[in-house]
Asks: 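After the structure tokens below, expect a handful of questions from me.
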Amino acid sequence: MTVRVRFAPSPTGRFHIGGARTALYNVLFARQTGGRFILRIEDTDTKRSTPEALEELKEALRWLGLHWDEGPDVGGPYGPYRQSERKAIYQRYAQQLLEAGHAYRCFCSPERLARLREAQQKAKQTPRYDGLCRSLTREESDRRAATGEPFVIRFKAPKDGTTTVHDYLRGDITVENSTLDDFVLVKSDGMPVYHLAAIVDDHEMAITHVFRGQEWLSTFPLHALIIRAFGWQEPVWCHLSVFLNPTGKGKLSKRHLKSEQEVFVLGLRDLGYLPEAINSWIALMGASFGAEEELLSLDEMAARFSLDRLTPSAARVNFEKLDDFNGKWIRRLAVDDLCTRIKPFFERAGLKVDDPTLRRITPLVRERIVTLDDAVEMAGFFFRADVQPQPADLTPKGLTAEQSTQALERARAALEALPEFTHAAMELRLRELAAELQLKTGQLFGLLRAAITGQTVSPPLFECLEIVGRETTLRRLDQALQLLKSPAGL
RNA sequence: GCCCCCAUCGUCUAGAGGACCAGGACGUGGCCCUUUCAAGGCCAAAACCGGGGUUCGAAUCCCCGUGGGGGCACCA
């Protein structure tokens, strides 16, 4: 039997890393087993589902390289893959449950239900449907439905005994049936609720393994009961642990983060993170791959993925590790590849990028950036006409303004006179100059760095100068000297 | 409040009764390298939640406690 797995998100908000990890594990398992990965859109909540969310979801999945074999846009033999287009299918199955006595119509108004819930909470009881309509006769139920009275369809959960379900990661889980509720299966607008839709679709789409979040653990027995009521075979269930906030307090939410973009896949992309880094990072929170190396490609992870290496406990997200992974992935990138990835960040910052220069600076920044975005701060000066050094950086500690001026003037002359404007030649000459001026190399070079890059931190100075070119270098030195002469005026 | 799940360094994890005075990674500290910042190399500190069992032997199995998490909608 070929493996068929599915990722079934609800397009109700921005796509976050928790969802990405669930999708990733599905993909890895499918790839490893030669199975199929299905994307199914759970948009039965017409109030909350939005087209924008769906687009973001698909874009994020594609960006991560998590391509689906069946689903929206690509189709497949079990479509449609959007639940909103499958209403008739669910109604047919709901009818089947109704006729078999596994479900019943409930005519209780939302108001009555709200009052009921309130009273139960006040009495410190678990809010649950009290079963009023459960005892309605078939005739009365049919009659009231025929008059057009609105109703929902509820599952008739067993009252006595226990129900045992099996989760691959946790083993058997047994609950007292007395704690079960008569869940709504079909809403009064005829739309199914997750509990019905997901179970029907997993069956209809021949899903063999379900990887889903542990938030479904509490309704897991109900899902198994529905499957059993139909007499279907159960898939293998893996309830994945949740992501917790870095503080460990509660489920991951944007509120506890430096930037709320950090929870969203596309947010991370815009922050300058690589899909490779995100994949290898989220994969490791909730599973292990038994490899010496932690930075694994999708293919490597697929080869090593195992249900037995999934962890059932919740994981706090660790953004420091993401940074580490991202830096390491960046350093693995070929120069050309990195160029194309960095370029948009320069452009987004309003800089005009010329490709030959970009090609030359990329190896320099590659060693020292954590996110792609860092390249702008590190190397933006290459693409600006002029720079604005801080006056304080031109008169560093231990040097008077006169000394700084003298040093820059001598350096300028030396650079102008250099036969070859190469970094090797510059370094040789300027080291001599530092000795002549009785300055530490750090002092002289720091001064030049400030004057020419406008920064105190930059890629190696002489490589920078070589790329900036003699003309611009001399001009910026002149501007720095100007600044030294009249710091107040500027 | 009720139900369910989970529990190894600060964090993610390895560990499936003896191979563990518990291994790796991130982070932290130190050293080296060094024109800045990084990168890189080396080193260090750092954990089996508590209590009972079972067993010759438990991080590993069982029970209780504690802690953490998830859920309790005509949302998914």
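Quick note on labels: first sequence line is chain A, next is B, and so on, each numbered from 1.
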Asks: For Asn318(A), which contact category applies under a 4.0 Å heavy-atom criterion: base, sugar-phosphate, or nothing?
Replies: base

Asks: Name the pairs: protein N/O against N/O of nucleotides 64-69 of chain B, kept only if under 3.5 Å.
Replies:
| unit_1 | atom_1 | unit_2 | atom_2 | d |
| --- | --- | --- | --- | --- |
| G69(B) | OP1 | Gly250(A) | N | 3.3 |

Asks: Could you check whether Phe220(A) gets within reach of a base, just the sugar-phosphate, or nothing at all, counting any heavy atom under 4.0 Å?
Replies: nothing

Asks: Can you tell me if Thr179(A) uses its side chain to pair, donor with acceptor, with the backbone of Glu176(A) under 3.5 Å?
Replies: yes

Asks: Indicate whether any N or O donor in one side chain lies under 3.5 Å from an N or O acceptor in the other, for Tyr273(A) and Asp323(A).
Replies: yes

Asks: Take atom CG of Leu222(A) and atom P of C4(B), then tell me their distance rounded to the nearest Å.
Replies: 16 Å

Asks: Less than 3.5 Å apart, any donor N or O on the side chain of Tyr194(A) or Asp45(A) sitting next to an acceptor on the other?
Replies: no

Asks: For the pair His223(A) and Trp237(A), name the ring-plane relationship: parallel under 30°, tilted 30 to 60°, perpendicular over 60°.
Replies: parallel

Asks: Taking atom P of U36(B) as reference, at what distance in whole Å does atom CD of Glu427(A) sit?
Replies: 12 Å

Asks: From CZ of Phe445(A) over to C1' of U35(B), roughly how many Å is that when rounded to an integer?
Replies: 5 Å

Asks: Side chain of Arg316(A), base of U11(B): donor and acceptor closer than 3.5 Å?
Replies: no

Asks: With the criterion being N/O to N/O and under 3.5 Å, what pairs connect the protein with nucleotides 72-74 of chain B, and how long is each?
Replies:
| unit_1 | atom_1 | unit_2 | atom_2 | d |
| --- | --- | --- | --- | --- |
| C72(B) | O2' | Pro127(A) | O | 3.3 |
| C74(B) | O2 | Ser188(A) | N | 2.8 |
| C74(B) | O2 | Ser188(A) | OG | 2.8 |
| C74(B) | N3 | Ser188(A) | OG | 3.1 |

Asks: Identify whether the distance between the nearest side-chain nitrogen and carboxylate oxygen of Asp337(A) and Arg366(A) falls below 4.0 Å.
Replies: no

Asks: In terms of ring plane angle, is the pair His195(A) and Trp216(A) parallel, tilted or perpendicular, where the classes change at 30° and 60°?
Replies: perpendicular

Asks: Measure from CZ on Arg14(A) to P on A76(B) and round the result to the nearest Å.
Replies: 22 Å

Asks: May I have the distance from Asp172(A) (atom CG) to C5(B) (atom P), rounded to whole angstrom?
Replies: 11 Å

Asks: Using a 4.0 Å heavy-atom cut-off, does Lys124(A) contact any base of the nucleic acid, only the sugar-phosphate backbone, or nothing at all?
Replies: sugar-phosphate

Asks: What is the distance from CD of Glu215(A) to C1' of C6(B), rounded to the nearest Å?
Replies: 15 Å

Asks: Determine the sole option in Ile278(A), Asn279(A), Asp324(A), Leu274(A) for which the side-chain contact (heavy atoms from CB on, under 4.5 Å) test with Trp329(A) is passed.
Replies: Leu274(A)

Asks: Please list each protein N or O that sits under 3.5 Å from an N or O in nucleotides 40-50 of chain B, with the distance.
Replies:
none

Asks: Apply the test side-chain contact (heavy atoms from CB on, under 4.5 Å) to residues Phe305(A) and Phe289(A): give CA-CA distance (whole Å), side-chain angles for both, the deciding distance (0.1 Å), then the verdict.
Replies: CA-CA 6 Å; Phe305(A) 185 77; Phe289(A) 291 83; 4.0 Å; yes

Asks: Distance from Glu420(A) atom CD to Met426(A) atom CE, nearest 0.5 Å?
Replies: 10.5 Å

Asks: Taking only heavy atoms on the protein side, list every residue of residues 275-288 of chain A lying under 4.0 Å from any atom of RNA chain B, sorted numerically.
Replies: Leu284(A), Met285(A), Gly286(A), Ser288(A)

Asks: Tell me whether the guanidinium CZ or amine NZ of Arg144(A) lies under 6.0 angstrom from the six-membered ring centre of Phe151(A) and within 45° of its axis.
Replies: no

Asks: Could you check which nucleotide pairs with A25(B) in any of the strands shown, counting Watson-Crick or G-U wobble with both distances under 3.5 Å?
Replies: U11(B)

Asks: Please determine, for G50(B), whether a Watson-Crick or G-U wobble partner exists with both distances under 3.5 Å, and give it or none.
Replies: C64(B)

Asks: Under a 3.5 Å cut-off for both distances, is G17(B) Watson-Crick or wobble paired, and to whom?
Replies: none

Asks: Polar-atom pairs under 3.5 Å, protein N or O versus N or O of nucleotides 31-34 of chain B: list them with distances, or write none.
Replies:
none

Asks: Would a 4.5 Å heavy-atom cut-off, applied to side chains only, mark Pro246(A) and Arg316(A) as touching?
Replies: no

Asks: Both distances below 3.5 Å, Watson-Crick or wobble geometry, any strand: find the nucleotide opposite C72(B).
Replies: G1(B)

Asks: Run the salt bridge (charged side-chain N to carboxylate O under 4.0 Å, His left out) test on Arg212(A) and Glu42(A) for me, step by step, so that the C-alpha distance in whole Å, both residues' side-chain angles and the decisive distance to 0.1 Å come before the verdict.
Replies: CA-CA 13 Å; Arg212(A) 38 134 67 158; Glu42(A) 310 237 335; over 6 Å; no

Asks: Distance alone, cut at 3.5 Å: any donor-acceptor contact between the side chains of Ser84(A) and Asp43(A)?
Replies: yes

Asks: Report which part of the nucleic acid Thr44(A) touches: base, sugar-phosphate, or nothing (heavy-atom distance under 4.0 Å, all strands).
Replies: sugar-phosphate

Asks: Starting at CG of Asn326(A) and ending at P of A39(B), how long is that distance when rounded to a whole Å?
Replies: 13 Å

Asks: Do Lys321(A) and Glu294(A) meet the salt-bridge criterion of a basic N to acidic O distance under 4.0 Å?
Replies: yes

Asks: For Leu399(A) and Leu447(A): C-alpha separation, side-chain torsions, deciding distance, then whether side-chain contact (heavy atoms from CB on, under 4.5 Å) applies.
Replies: CA-CA 10 Å; Leu399(A) 286 186; Leu447(A) 209 47; 4.2 Å; yes

Asks: Using both distances under 3.5 Å as the test, list the Watson-Crick or G-U wobble partner of C31(B), or none.
Replies: G41(B)

Asks: Using heavy atoms and a sub-4.0 Å distance, could you list which residues of residues 451-461 of chain A are near RNA chain B? By number, please.
Replies: Thr456(A), Val457(A), Ser458(A), Pro459(A), Pro460(A), Leu461(A)

Asks: Find the distance Glu294(A):CD to A25(B):P and express it as a whole number of Å.
Replies: 8 Å

Asks: Which value, rounded to the nearest 0.5 Å, describes the distance between Phe15(A) atom CZ and Ile17(A) atom CD1?
Replies: 10.5 Å

Asks: If we count only N and O atoms by modelled type, under 3.5 Å, do the side chains of Asn326(A) and Thr371(A) hold a donor and an acceptor together?
Replies: no

